[in-house]
Amino acid sequence: MAGLWARFHRPGGRGGTLAMFGSAAVCLVSMISIWTGAAYIVGEDFRRSREIAVHDTANLARAFEEHIVRSLQAYDQTLLIARDAYLRQGASFDLPRWVVESKFRTDVALNISIADRTGQIVATNVSTEFASVNVADREYFQQAKAGKMVIS
């Protein structure tokens, strides 16, 4: 090693070789700096993209939640109004006509059936064959009878 070092510093030796090693070292340091900088930029871009995706997803989740809550409130209101109309009009209540005339939630199919306390369907806008159905044994009827809202 000492002989190699002496060759570079000996008068008349190859002093240009040292300059080449110096240039190679500068190039190597430059390449390492460039790749380190590129890796940092890519990492920061990924981090920002991830933050934006999380933010956008949270916004969409809030929007869907608000839409679902409003829809459920509208359905609940519709059912309460139908029940009140039935209680006021009794046997003369024409549910299919009421659904058409009320124009509640016309963007979705609205099927309503009203059952009495025993579970017997007393009014429906679906089909007259459902009028003979008794739903007292169904879980949704038992839950509704207990005062709980049921979605199924």
Side-chain angles (χ1 to χ4, degrees), residues 1 4-5 16-152:
M1 184 78 158
L4 183 62
W5 184 254
T17 308
L18 185 59
M20 284 185 1
F21 278 131
S23 295
V26 168
C27 286
L28 181 63
V29 168
S30 297
M31 290 299 292
I32 290 172
S33 298
I34 289 170
W35 280 105
T36 303
Y40 175 77
I41 290 170
V42 168
E44 282 297 304
D45 189 43
F46 177 77
R47 185 187 61 76
R48 277 193 301 272
S49 296
R50 185 173 171 187
E51 285 176 2
I52 290 169
V54 166
H55 185 304
D56 290 349
T57 302
N59 285 341
L60 283 173
R62 278 191 294 277
F64 284 135
E65 177 188 21
E66 289 174 15
H67 174 72
I68 289 169
V69 167
R70 275 188 255 118
S71 294
L72 289 175
Q73 288 172 342
Y75 293 138
D76 188 45
Q77 177 106 23
T78 301
L79 294 174
L80 291 173
I81 292 170
R83 182 195 66 186
D84 291 344
Y86 174 76
L87 291 174
R88 276 193 318 274
Q89 297 175 16
S92 66
F93 181 63
D94 185 4
L95 184 60
R97 193 175 107 237
W98 180 86
V99 169
V100 171
E101 290 176 358
S102 66
K103 298 179 183 171
F104 287 110
R105 299 294 301 191
T106 57
D107 60 325
V108 295
L110 183 63
N111 298 327
I112 300 175
S113 296
I114 298 175
D116 64 12
R117 292 180 192 270
T118 65
Q120 188 64 42
I121 299 290
V122 293
T124 184
N125 72 323
V126 181
S127 171
T128 55
E129 66 188 45
F130 285 109
S132 63
V133 174
N134 189 298
V135 293
D137 61 337
R138 313 281 168 83
E139 182 180 348
Y140 62 84
F141 179 78
Q142 294 168 2
Q143 294 286 329
K145 192 172 180 180
K148 297 178 183 173
M149 183 176 171
V150 180
I151 300 172
S152 64

Undergrad: Is it the case that over 12 heavy atoms from other parts of the model lie below 6.0 angstrom from the CD atom of E139?
TA: no
Undergrad: What distance do H67 atom NE2 and L72 atom CG have between them, rounded to the nearest 0.5 Å?
TA: 9.5 Å
Undergrad: I'd like to check I114 versus I121 (side-chain heavy atoms, cut-off strictly below 4.5 Å). Are they in contact?
TA: no
Undergrad: Side-chain polar contacts of residues 82-94 - donor-acceptor pairs under 3.5 angstrom, sequence neighbours left out - could you list them?
TA:
from, atom 1, to, atom 2, distance (Å)
S92, OG, Q89, O, 2.8

Undergrad: Side chains of residues 28-39: which donor-acceptor partners sit under 3.5 Å, not counting sequence neighbours?
TA:
from, atom 1, to, atom 2, distance (Å)
S30, OG, V26, O, 2.9
S33, OG, V29, O, 2.9
T36, OG1, I32, O, 2.7

Undergrad: What pairs meet the salt bridge (charged side-chain N to carboxylate O under 4.0 Å, His left out) rule with one or both residues in residues 51-69, with sequence neighbours excluded?
TA: R47-E51, E66-R70
Undergrad: Between V135 and V133, is there a side-chain heavy-atom distance shorter than 4.5 Å?
TA: yes
Undergrad: If the condition is side-chain hydrogen bond (donor to acceptor under 3.5 Å, both in side chains), which residues does R50 pass it with, not counting sequence neighbours?
TA: none
Undergrad: From L80 CG over to Q73 CD, what is the distance, rounded to the nearest 0.5 angstrom?
TA: 11.5 Å
Undergrad: How about R138 and Q142: do any of their side-chain heavy atoms sit closer than 4.5 Å?
TA: no
Undergrad: Residues two or more places apart in sequence or in another chain: which of them pass side-chain contact (heavy atoms from CB on, under 4.5 Å) with A136?
TA: N134, F141
Undergrad: Can you list everything that forms a side-chain hydrogen bond (donor to acceptor under 3.5 Å, both in side chains) with D116? Sequence neighbours excluded, please.
TA: T118
Undergrad: How close do K145 and R117 get, counting heavy atoms only, and between which atoms?
TA: NZ-O, 3.3 Å
